[in-house]
Amino acid sequence: MTVSQIAVPPFDVPRVIAHRGASASAPENTLAAFRRAHALGAPWVEFDVKLTADNRPIVFHDDILSRTTNGQGPVAAAPLAALGDLDAGQWFDPDFAGELVPTLEEVVDLLAEMGLGANMEIKPCPGRDEETAAIALEVARQVWPSEASPLLVSSFSRTALDVARQTAPQWPRGLLTEALTDDWRQAAEAVGAWSIHCASEPLGPSGVAEVLDAGYRVMVYTVNDPGRALNLWDWGVHGIFTDRPEVLLPLAGA
Ligand code: G3P
Ligand code: MG
């Protein structure tokens with residue numbers, strides 16, 4: 001399948017997307033971070049989704065609990081009920097003590113209430129690619145408002161994107177990659193990608209041009225430096241994931 005054959009409803013991404021919410025000023029992937037992104041004027045947020053031990057989709061980045069909560073051990077070994085006791089805000093700042101690990105449903109409800117668009121990154125714990133994608137997409141299909149702009153679904157996992165292609169073809173897919181490897185076009189075609197989401201380094205203008213020439217949207221993570229953002233937009237990048245939307249938004253123009 002080529003890019004031009006992919007049926008994606010007409011929509012586009014904004015130039016600034018709050019990465020894990022406004023994660024420089026609130027604890028990442030919490031309701032507080034998404035509220036903060038909205039308060040700062042971000043039109044979209046990016047968030048990470050993975051499964052608990054009892055197969056509930058939660059919004060969380062790491063495979064282990066210890067960096068961003070007061071819990072320990074792998075997320076994949078913790079049932080949702082155990083996560084409910086954890087504090088996901090205190091590590092960031094005592095002002096956020098009591099912030100919880102949100103479920104996917106809770107995040108979507110909040111985004112819908114605030115009218116924010118989103119990029120849902122499927123981030124499976126090791127070995128859980130297929131089930132994470134299947135369950136996250138099933139839940140997202142139930143709760144994502146039909147009148148909202150389509151949910152952009154991304155992943156480093158080609159297995160997860162393949163599940164998305166099969167089960168949620170109405171939503172655009174973004175292929176995440178740390179670098180434009182020799183096989184990126186093959187991977188993008190295989191999953192029917194709409195966009196390529198590249199790490200900021202080592203991307204340069206020729207890499208951006210290569211992706212644009214192939215007909216894909218180009219999105220870049222994670223950029224907090226205004227000069228770098230201006231260069232990326234100048235090269236033709238469509239959307240930038242940033243922890244500091246308040247810094248990039250004033251530069252982004254219309
Ligand atoms: O989706 C862009 C970016 O979030 C990918 O990397 O590790 O921040 O989830 P990471
Ligand atoms: Mg992410």
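In each ligand, atom 1 is the first atom listed, and ligand 1 is the first ligand listed. Predicted, not measured: the structure shown is a model, and the values here were computed from it.
- Residue contacts with ligand 1: Asn119 is placed with no nitrogen or oxygen under 3.5 Å of a nitrogen or oxygen of the ligand (distance criterion only).
- Ligand 1 has an N or O atom lying under 3.5 Å from an N or O atom of His61, backbone or side chain.
- Tally of protein N, O or S atoms closer to the Mg ion (ligand 2) than 2.8 Å: 3.
- In terms of protein heavy-atom proximity, atom 5 (C) of ligand 1 is closest to Glu121 OE1, 3.4 Å.
- For ligand 1, the polar-atom distance check finds no N/O of Thr222 at less than 3.5 Å from any of the ligand's N/O atoms.
- Scanning the protein for heavy atoms near atom 2 (C) of ligand 1, the closest one is Glu46 OE2, 3.6 Å.
- Put simply, the residue from Leu104, Leu83, Leu51 that forms a side chain to side chain contact (heavy atoms under 4.5 Å, CB included) with Ile58 is Leu83.
- Heavy-atom neighbours of Arg244 CZ from other residues, nucleotides or ligands within 6.0 Å: at or below the threshold of 12.
- Taking the six-membered ring where tryptophan is involved, the planes of His197 and Phe241 are tilted, since the angle between them lies from 30° to 60°.
- Checked against a 3.5 angstrom limit, the closest N/O atoms of Ser154 and ligand 1 fall outside it.
- Crowding of Gln166 atom CD: a count of heavy atoms from other residues, nucleotides or ligands under 6.0 Å exceeding 12.
- Put simply, part of Arg20 is less than 4.0 Å from ligand 1, judged by heavy atoms.
- Interface atoms of ligand 1 facing Lys123, defined by a heavy-atom separation under 4.0 Å, are 7 (O), 9 (O), 10 (P).
- Within a 6.0 Å radius of CD in Gln142, more than 12 heavy atoms belonging to other residues, nucleotides or ligands are found.
- Of the residues Lys123, Glu121, Met219, the one that meets the side chain to side chain contact (heavy atoms under 4.5 Å, CB included) test with Ser154 is Glu121.
- Residue contacts with ligand 1: His197 is placed with no nitrogen or oxygen under 3.5 Å of a nitrogen or oxygen of the ligand (distance criterion only).
- Counting only distance, with no hydrogens or angles, the side chain of Trp144 and the backbone of Ser149 share a donor-acceptor pair below 3.5 Å.
- There is no side-chain donor-acceptor pair under 3.5 Å between Asn70 and Asp87.
- Using modelled atom types, one finds a donor on one side chain and an acceptor on the other under 3.5 Å when comparing Arg20 with His61.
- Identified under the salt bridge (Lys or Arg N to Asp or Glu O under 4.0 Å) test for residues 56-82, with sequence neighbours left out: Glu28-Arg67, Lys50-Asp63, Arg56-Glu105, Asp62-Arg67.
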